[in-house]
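Just so it is clear: chains get the letters A, B, ... in the order the sequence lines come, proteins before strands, and each one is counted from 1. In this text the structure is predicted, and so the values were computed from the model without any measurement.
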There are 2 protein chains.
Amino acid sequence: MSTTGGRSPVMSDVAKVAGVSHQTVSRVVNGHPNVREETVVRVRRAIAELGYHPNSTARALVTRRTNVLGALTVDTTLFGPAQTLSGIERAAREAGYFLSIVSVDDPSPDGVAEALDHLVQQTVEGCVAIAPQRELVHALADLPGPRPLVAVEGGEGAGFPVVGVDQEQGARDAVRHLLGLGHRTVHHVAGRTDWLEAEARVHGWREELLGSGREVPTPLAGDWSPRSGHELGRRLAERQAMGEEVTAVFVANDQMAVGVLKALHEAGLGVPGDVSVVGFDDIPEAAYLTPGLTTVVQDFTRVGAAALEVLLGALETPDRTDVPADRTVPAVLRVRDSSAPPPA
Amino acid sequence: MSTTGGRSPVMSDVAKVAGVSHQTVSRVVNGHPNVREETVVRVRRAIAELGYHPNSTARALVTRRTNVLGALTVDTTLFGPAQTLSGIERAAREAGYFLSIVSVDDPSPDGVAEALDHLVQQTVEGCVAIAPQRELVHALADLPGPRPLVAVEGGEGAGFPVVGVDQEQGARDAVRHLLGLGHRTVHHVAGRTDWLEAEARVHGWREELLGSGREVPTPLAGDWSPRSGHELGRRLAERQAMGEEVTAVFVANDQMAVGVLKALHEAGLGVPGDVSVVGFDDIPEAAYLTPGLTTVVQDFTRVGAAALEVLLGALETPDRTDVPADRTVPAVLRVRDSSAPPPA
DNA sequence: AGCAACAGTGTTAACGCTCACATCGCACGC
DNA sequence: GCGTGCGATGTGAGCGTTAACACTGTTGCT
């Protein structure tokens, strides 16, 4: 058993044991051709004997490639971001990259600047930003930071490619489904107004109603939380009590839909008997709520993978100056029990 | 405006502009004392002018410190791991570390080995592993991998410190609460049997029942999903229909509780009128289910922060050979509407 | 006055790797 | 039989930083 005197073995230690030069060891490690088979075997044996493993820092210094990608994300308590991050991570690892994450609690320029700085310090080769808030996207666009950068759910035209689910189409599908069941119009419980997704869903909902010549009720804006859904569900029940016709509600995410369901139940309104409810996201609980929630499925994992694909594409052609094309993943309506024709 | 001819500026570029040696620049960058105030200003100005920022790779090579910590996690779709990771991330950043994550889909030795290898390749200085499965903990203990290592929710005695919520105490509190309401015994819908948390909760549940001299029903094991909760909730309803007394159920997590709630509702059993249900986790939806779910709160963020604290402690004293003490965060019962006295 | 101490700065040598190039032997062609 | 080319290997330089030490000038003490 050879030893390296306590310190972890380096290339030249392996070289000595194998009786070759350090450069030959490097060739073997990196799978270069033009090394005699027998030499490869000898080097491999020496590597195993010493428990050598290459120092990625030294390699990075000379190759100028860290093999690290950054991921900037918002609050990972939310279903979407957490899932997306997971998709990004998997794709990054498969592509041989390491992933360094930083989550930003505060979407203000200061908070984002700090997060970006963290990534720049680490010399990431590129970055995916889960940027659902308008303010965050602007900060991203204005601030210096790692490049190339791909945004997830970030709206377009900010100078970097954007990958996301087609929110507007999803919203239209939800509304069309409800109108198709015979509802005269569809109310809307929206997400946080500073989120681009919330805006896109409002827009799709409104357009679809207008396109069918329906009345557009005032949307109610929540903050994505079940708590706010509950509060707004109560307001909806009040509208109903005031004589307004409330037979269908499109809720901007499933978590709020949970609260809406509770509020309607508390107000003595049956779902879907009196009011139909459609959510957005398809959280794992959706099918097992009472009633099973009709919702719009977003394939977050696929979004994450697509974002990484775009990033890798940008990485391969570093000299291009144009912004790579955006990528959109379709949203799919999944009908369950919470939507039905309006009461007669 | 000075230029560095396209390539990004390095220390000696700054030195040239400031009219000092690169070493003085290094001293300024690292905040060494014994640099004249005026020199500091000159160097700072040169840094700003060139947009210099130190190359972390080169620094890491010479200092042998990468400032990167690893985080190994399971499926981040689950509420707990996602939250914990978020706590770890925040704490790492505050301590000035970068965090590289790798999620392992497959808790077998092969899958874990690959994930650990990923971290070792990156020369992380330490690692937090969210390791709720028994198999994963064993793989972690047996395999070579980054050290020091701290496990979250990993059971003890595996050769590394473990940080987690006191599952058993949480389970006992839940059972005690139900017994206190007057239930004769408490049924249990358990989590995946290969998860240590599931095991601990089963244990706490059983011990508390035995301690009060109650009958211990056969637990039903699910897989944490709402789907399995629904399935097992049906089985519970069947037990009830067969004449068995089922007035209280302790469900090992809130997601399954959602399914149980649905199944009981479908079977015509009222909650809490006929059956009381208590969950575990306190997911954001819990308060807004119908009825609001009594559950056991786990402060995952605090667990993550505690894990990082232990890791940093181990990092500061690299020569200690003993395993740092485990850390346990208490679980707290939160009573809502799904638990009440048994039917008369 | 003379010498030690110290603040402020520069010089040089690593860190562990890859790249570019040099070297050597051998098969091949005419 | 000797250049040509190529496969297989070694040598040296350099990536950008910090650590160690050397140097200079000033201060303070005897």
Side-chain touch L311(A)/L149(A), heavy atoms, less than 4.5 angstrom | no
What is the distance from CZ of R65(B) to P of dA19(D), rounded to the nearest Å?
-> 11 Å
Start at the 5' end of DNA chain C and walk down; is the nucleotide closest to R64(B) or to P33(B) reached first?
-> P33(B)
Hey, are the side chains of S56(B) and Q121(A) touching, using non-hydrogen atoms and a 4.5 Å cut-off?
-> no
Just checking, any donor-acceptor pair under 3.5 angstrom between side chains of S108(B) and D106(B)?
-> yes
Reckon T24(A) has a side-chain N or O less than 4.0 Å from the OP1 or OP2 of dG10(D)?
-> yes
Test item: R27(A) and T24(A) side chains (from C-beta on) under 4.5 Å apart, heavy atoms | yes
Do the side-chain N or O atoms of R36(A) get closer than 4.0 angstrom to the phosphate oxygens (OP1, OP2) of dT9(D)?
-> yes
At under 4.0 Å between heavy atoms, what does T39(A) touch on the DNA or RNA strands: base, sugar-phosphate, or nothing?
-> sugar-phosphate
Side-chain contact test, heavy atoms from C-beta onward, threshold under 4.5 Å: evaluate it for L99(A) versus I101(A) and give yes or no.
-> yes
Taking atom types as modelled and ignoring hydrogens, do the side chains of R59(A) and N30(A) form a donor-acceptor contact shorter than 3.5 angstrom?
-> yes
To the nearest angstrom, how far is L61(A) atom CG from dG14(D) atom C1'?
-> 9 Å
Round to the nearest Å and state the distance from N34(B) atom CG to dG10(C) atom C1'.
-> 14 Å
May I have the distance from R42(A) (atom CZ) to dT9(D) (atom C1'), rounded to whole angstrom?
-> 11 Å
If the sugar-phosphate is the primed atoms plus P, OP1 and OP2 and the base is the rest, what is the B/S/- string for nucleotides 17-27 of chain C, using protein heavy atoms under 4.0 Å?
-> SBBB-------
